[in-house]
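See below for the structure under consideration.
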Protein chains: 2
Amino acid sequence: MMGHATDISRESAARKRILNTATNLFYAEGVHAVGIDRIIAEAGVAKATFYKYFPAKDELVRAYIQEQSRQGRAMTDKIIGRSARESILAIFDLVADAATQPGYRGCPFLNAAAEYPDPSHPVRQAIAEHRLWKHDLLRDLLVADRNAHAETTADILTVASDGLLITSHLDKPTNLRRLIRETVLQILGVPDK
Amino acid sequence: MMGHATDISRESAARKRILNTATNLFYAEGVHAVGIDRIIAEAGVAKATFYKYFPAKDELVRAYIQEQSRQGRAMTDKIIGRSARESILAIFDLVADAATQPGYRGCPFLNAAAEYPDPSHPVRQAIAEHRLWKHDLLRDLLVADRNAHAETTADILTVASDGLLITSHLDKPTNLRRLIRETVLQILGVPDK
DNA sequence: TGTCTAGTAGACAAACCTGTCTGCTTTCAA
DNA sequence: TTGAAAGCAGACAGGTTTGTCTACTAGACA
């Protein structure tokens, strides 16, 4: 008897089409470079509908970032299982998976952050939230791996993750998977060899 | 008798003022976010003068990147001297120096690259040139340090440099200098201790 | 039948973007 | 003194930006 069929702002087909189109365009070409008119045209949606679900462009950008974060967490949940160390290596395998995909254009969070100078802007805060989640996840895994300096090592792994995402985009190194593995193992310390 | 006083495109005071103003604005707010009108207004220059020295905005952006590269090389030349290992550590100290400066907003090359999707764009090529220079410099220093895998280690140091520039901007870690030192020494291998 | 909701289509305003072009002033050297 | 070069000031064109608003259509439900 209360909000049974349409709960607005969640399960509307038009809203999903907008967010989906925006995601592809924002990632491929950048946030400032893509205008509203282009998004509504490619999503096949009226302008009024757009502004009904996203009162301003920045709200769409924030939704885009939050959706990327949600998908990243879902992917991570799937691959975590066996030992803590194997989980960490699997997380870094995701970097290689992303980087070898056809339309790879770097990390969506880092790219978006570069376009928003103000750290207090909602978009930047959404990015910061995602980064904090990832950092804490790594730290927890390191604790489970009996790492003596989990907090510091999590910092270093964050550095490695960002750097690998950047270098795989801008430098396209040969044998990326080997580079990733060597980088991570050097940070974790090789157990036997 | 030939090009004695003004060689155009190099030693014009107006040109320097334009490039200087653009550098500050581009770095602080992003390339797409800053328009020509704003640059010429703050530089105190006529529009015709601007388009005389920079036929298009992208040429100004390219000049901005190349000037940043030139300054980075000059800084690096100054601090390289003693042993190869000390030189590498000094290069990474530059990251901490930059990150602790008042208006720090990340690496200008990474920020600009995020705004130019096309890798064949002149701006992206200028960025690639700078990255290649830095990578080769690190590799040469590693060879001089008698590193057995100079090429691979240079790749990893590039990852570390990018990651540190990112994390010092987005995460503002406490004790950045310690994080840098630990990261680099872990990659190079601690000599004694 | 009547009403409520979601959506489409598109005009419109106001600001901003890049780039061109016309005049005017200043400087300096032959 | 004359003339070239450099620069300033600003109008202008053509396009794009975000966001608002009006008018219409299709479906669900009571």
*What pairs with H121(A) under side-chain hydrogen bond (donor to acceptor under 3.5 Å, both in side chains), at least two apart in sequence or on another chain?*
D58(A)

*So, are R124(A) and E129(A) salt-bridged, with charged N and O less than 4.0 Å apart?*
no

*Kindly write out the residues that satisfy side-chain hydrogen bond (donor to acceptor under 3.5 Å, both in side chains) with H135(A), not counting sequence neighbours, or none if the list is empty.*
D155(A)

*asked:* Restricting to side-chain hydrogen bond (donor to acceptor under 3.5 Å, both in side chains), what partner residues turn up for R73(A), sequence neighbours left out?
replied: S69(A)

*Rounded to whole angstrom units, what separation is found between the CD1 atom of I40(A) and the P atom of dT16(D)?*
14 Å

*Within less than 4.0 Å of OP1 or OP2 of dG7(C), is there a side-chain N or O belonging to T49(A)?*
no

*Figure out the CZ/C1' separation between R17(B) and dG7(D), and round it to whole Å.*
9 Å

_Candidates dG7(C), dA9(C), dG7(D) - which lies nearest the side chain of Y53(B)_ = dG7(D)

_Listing request: all side chain to side chain donor-acceptor pair (under 3.5 Å) pairs with a residue in residues 157-166 of chain B, at least two apart in sequence or in separate chains._
R131(B)-D162(B), K134(B)-S161(B)

_Contacts of Y64(B) that satisfy side-chain hydrogen bond (donor to acceptor under 3.5 Å, both in side chains) - sequence neighbours left out_ = none

*Specify the separation, in whole Å, of atom CZ of F54(B) and atom P of dG7(D).*
12 Å

Please write out each protein N/O paired with an N/O of nucleotides 17-21 of chain C under 3.5 Å, distance rounded to 0.1 Å.
unit_1, atom_1, unit_2, atom_2, d
dT18(C), OP1, K57(B), NZ, 3.1
dT18(C), OP2, I36(B), N, 2.7
dG19(C), OP2, K57(B), N, 3.0
dG19(C), N7, K47(B), NZ, 3.2
dG19(C), O6, K47(B), NZ, 2.5

*asked:* Within residues 115-126 of chain B, which residues have any heavy atom lying less than 4.0 Å from an atom of DNA chain C?
replied: none

*D97(A): what forms a salt bridge (charged side-chain N to carboxylate O under 4.0 Å, His left out) with it, not counting sequence neighbours?*
R177(A)

_Can you tell me if S12(B) touches the phosphate of dG7(D), counting only side-chain N or O atoms and a distance under 4.0 Å to OP1 or OP2?_
yes

_For R70(A), all residues meeting side chain to side chain contact (heavy atoms under 4.5 Å, CB included), sequence neighbours excluded_ = E67(A)

*Specify the separation, in whole Å, of atom NZ of K52(A) and atom P of dT8(C).*
10 Å

